[in-house]
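Right, one structure below, let's go through it.
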There are 2 protein chains.
Amino acid sequence: MLVLPIPAVGWSPDSRALRILDQRHLPAEEVVRDLCTLSELIDAIGTLAVRGAPAIGVAAAIGLAVALDAESGGDGARARGLLSGSAARLVATRPTAVNLTWAVQRMQRVAEWARDTELLPALRREAEAIRAQDVAMCDAIGQHGLAIVPDGARVLTHCNAGALATAGIGTALAPLYAAHARGRALTVYADETRPLRQGARLTAWELARAGINVSVLPDGAAASLLAQGLVDLVIVGADRITANGDVANKIGTYGVALAAQVHGVPFYVAAPWSTVDPATATGTDIVIEHRHSDELGELPAGVPAWNPAFDVTPRTLVRGYLTDRGLVEPPFLIDPDPSGALRP
Amino acid sequence: MLVLPIPAVGWSPDSRALRILDQRHLPAEEVVRDLCTLSELIDAIGTLAVRGAPAIGVAAAIGLAVALDAESGGDGARARGLLSGSAARLVATRPTAVNLTWAVQRMQRVAEWARDTELLPALRREAEAIRAQDVAMCDAIGQHGLAIVPDGARVLTHCNAGALATAGIGTALAPLYAAHARGRALTVYADETRPLRQGARLTAWELARAGINVSVLPDGAAASLLAQGLVDLVIVGADRITANGDVANKIGTYGVALAAQVHGVPFYVAAPWSTVDPATATGTDIVIEHRHSDELGELPAGVPAWNPAFDVTPRTLVRGYLTDRGLVEPPFLIDPDPSGALRP
C-alpha cells in the first residue's frame with residue numbers, strides 16, 4: 001500500500017544508502033536525502049530529520065549497515081573494528097530513544113555470530129529484517145483496525161504516529177490508511193499538537209498526501225469538536241502502555257480522552273505490541289520528561305514554560321488497545337518473546 | 001493600584017491624545033503610542049493594537065473625543081458636523097465588537113443634548129466617565145474576587161481578560177491583582193491559548209510585569225496540570241453569559257472546565273455584569289464565529305483548519321460567576337439598568 005511518495009525511512013534504490021524523507025522541511029517541501037556515513041546518520045537522528053520510535057530504529061539499522069560498508073571499503077574485518085565505536089556514538093545521539101538502542105543491539109548481536117567475510121552482508125540482512133518487521137507491524141495494526149473504522153467514519157487524532165514515524169503505514173494512522181485503501185470515506189481531524197505541531201505539520205501532511213480528507217484544529221478546540229457530535233472515534237498512539245493499561249502519550253492526549261468519555265465517543269490507542277511494558281505497573285510509575293521553554297516560542301522575558309513531553313491517560317478512559325496482535329485487553333503480563341529477540 | 005507601566009488605554013498626560021500600549025509589539029517591546037486622529041484610532045482598533053472588549057470601548061470614546069477636537073480645530077459646530085460620519089467609520093472597523101458600538105452610541109447621545117459650545121467638553125466628560133466606570137468595574141471584580149483567591153493560591157487561567165483588555169486591572173485577572181496587592185503569594189499558570197497565543201503573549205506578560213509568579217503551558221497540558229493536583233482554582237473571563245449560566249469564552253475554555261470538574265478543582269468565570277445576556281436563553285443559542293485557517297500558522301497545502309473563535313462551557317461546570325456586582329447565580333433575568341444607560 002503506497003501511502004507516502006517514498007517511505008519515511010528505507011533503502012536507496014541501489015541499497016548503498018539510507019533514504020529518508022527529511023521531516024525538518026515538512027510540510028513546505030518534500031526533501032529526500034540519501035545518507036551514507038555515520039556522521040550523516042547521527043546528524044539526521046539528532047536534528048529530527050528522522051523521528052518516531054519505529055522509524056529511528058529502522059534508520060539506525062540501515063544507516064549502520066551502509067555506513068560500515070562504505071567506511072570499511074567493504075572489508076569485514078575493518079567493519080568489525082569500527083562497529084562498537086560507531087554503535088556507541090549512534091546510541092548517544094538520543095539516549096532515551098528505546099528503539100535506537102534496541103536496533104543497534106540487534107545489529108551488534110548479529111555481528112558477534114558472523115565471520116568477517118560474512119559480516120557486512122549479515123548486517124544488511126538484519127537491517128532489512130528490522131525494516132520489514134516494522135512494515136509488517138504497521139500493516140497488522142491497519143488490518144486489525146479495519147474493525148473500528150467504518151465507511152464514513154469521522155476520526156480525531158493527536159500528534160503523529162503515522163507513516164512518517166515508521167517504515168510502513170504508521171501505527172495510530174494505520175487503520176485510517178487501511179480503511180482508505182478499502183475505499184471507505186473518512187473525515188479526519190488532527191489536533192495541532194503544541195508545542196511542536198506534529199499534528200499540523202506531519203499528520204495533516206501525510207494524510208492529505210495520501211488523499212484522505214483532513215482538517216487541523218487547535219488543541220483547545222478538541223473538546224468543542226467532540227461536544228458538537230462531529231467525531232465518531234478517537235485514535236491516538238502511545239509511547240508506553242503499562243501493565244494495567246495506562247497510556248503515556250504526547251501531552252494533550254489525556255484531555256482529549258476525558259472529553260471523549262464525557263461525550264460518549266470511543267477512545268482507542270493504537271500502538272506496536274512492543275509499546276506494552278508489563279514491567280511498569282501503572283501510569284504513576286512513569287517519569288514524565290519536562291522539556292525546554294524554548295519549544296513554546298516567544299514568551300515574555302523571565303517567564304518559564306510548564307512543558308511536559310507526555311501525559312498519562314488512565315485505563316478507564318480507553319475503549320480498546322489496537323496492536324499488531326489485534327485488539328488486546330489489560331492487564332498485560334510479562335510475556336517474554338519466544339523468539340528470544342530483544343524488545344521491541 | 002498600579003498594574004501596568006501605563007494603562008492599556010487612557011488619556012495622554014495633556015489630554016490631547018488617546019494613549020495606548022501597543023499590543024502588537026508585546027511581549028517583546030513596550031511601545032506606547034499617542035493617537036490624535038480618527039484614522040490613527042481606526043488603525044489601532046482594526047490591527048488589534050488595542051484589543052479586549054472593555055478596552056476597545058474606552059479607546060473609541062477617548063479617541064473620538066480627542067479626534068473631533070483636533071479635527072474641528074476646537075469648533076463645536078464643526079465637530080458636530082463630523083460626528084456621525086466619524087462614528088459610522090469607527091463602528092465599521094469591528095462591527096461585531098459590542099462595546100465599540102455601545103461606547104460610540106453613548107458619545108452620540110451626549111452630543112444630541114449638548115449645545116455646540118458645550119459639545120467638545122461634553123464629549124470629553126463622557127469619554128472620561130466611560131473610562132472611569134471601566135476602571136471601577138475592574139476594581140469591583142477584584143475586590144469581590146478576594147474571597148476566592150487565598151494566600152498561596154495556585155491559579156490556572158486561559159486567554160487574556162486582564163489589564164491589557166481594559167482601562168483598569170482587568171476582569172478575570174482582577175482578583176489576582178487584588179490578592180497580590182494584599183500581599184498574598186500566588187502561582188499562576190497561563191494557558192498559551194492557541195491559535196493567537198493571548199495567554200503566552202499577553203497574560204504572562206502583564207502578570208510578570210506586575211511581579212506575579214506566572215508560567216505558560218501548552219493548552220493540551222492543562223488537563224495534566226489539574227490531574228497532578230497543581231491547581232487550586234481556575235478563573236477565566238467570558239464573552240457572553242446566557243440566561244441559564246452557560247458561558248461563551250475563548251476556544252479551549254470548555255476543555256479546561258471539563259478537566260477541572262473531573263479533578264474537583266473549582267472553575268470560576270469572572271466578567272463584567274454587562275457580559276450577562278438575559279435575552280439569550282442558553283449556550284446553544286449562541287452562533288460561534290469560525291475564523292480563518294491562517295491563524296494556525298503554516299499548514300500543509302490544501303489542508304483547512306477547524307478554527308472556532310469560542311466554545312460554550314455549560315452552567316453545570318461553573319462553580320461561581322464573579323462580577324462587579326459580586327458573586328451572582330443563574331438564572332439571569334431581564335434587568336433593565338435603572339439609570340437607563342445603554343448596555344454594557
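What you see is a predicted model; the values in this text were computed from it and never measured. The analysis underlying the following values was restricted to heavy atoms, covering all of them including side chains, and did not include hydrogens, waters or symmetry mates.
When all heavy atoms of B:Ser215 and A:Val303 are compared, the pair lying nearest together is CA-CG1, 4.3 Å. Residues B:Gly220 and A:Asp311 come closest through the heavy atom pair O-OD2, 4.3 Å. Considering all non-hydrogen atoms of both residues, A:Tyr254 and B:Ala227 come closest at CE2-CB, 3.8 Å.
Residues A:Glu192 and B:Leu296 form a side-chain contact, since some pair of their non-hydrogen atoms from C-beta on lies under 4.5 Å apart.
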Walk me through whether B:Leu225 and A:Trp306 qualify under side chain to side chain contact (heavy atoms under 4.5 Å, CB included). CA-CA 9 Å; B:Leu225 185 82; A:Trp306 191 79; 3.6 Å; yes
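In this structure, the side chain of A:Arg197 engages the main chain of B:Glu298 through a donor-acceptor pair within 3.5 Å.
Between chain B and the residues A:Ala301, A:Ala221, A:Pro195, the largest count of heavy-atom pairs under 4.5 Å involves A:Ala221. When the candidates A:Asp191, A:Leu26, A:Val214 are compared by the number of heavy-atom contacts under 4.5 Å with chain B, A:Val214 comes out ahead. When B:Ala208, B:Ala204, B:Ala190 are compared by the number of non-hydrogen pairs under 4.5 Å with chain A, B:Ala204 comes out ahead. The greatest number of non-hydrogen atom pairs below 4.5 Å with chain B, out of A:Asn307, A:Ile288, A:Leu258, A:Asp219, is found for A:Leu258. Chain A forms more heavy-atom pairs under 4.5 Å with one residue of B:Gly255, B:Gly252, B:Pro218 than with any other, namely B:Pro218. Between chain B and the residues A:His158, A:Gln228, A:Arg209, A:Arg201, the most heavy-atom pairs under 4.5 angstrom are made by A:Gln228.
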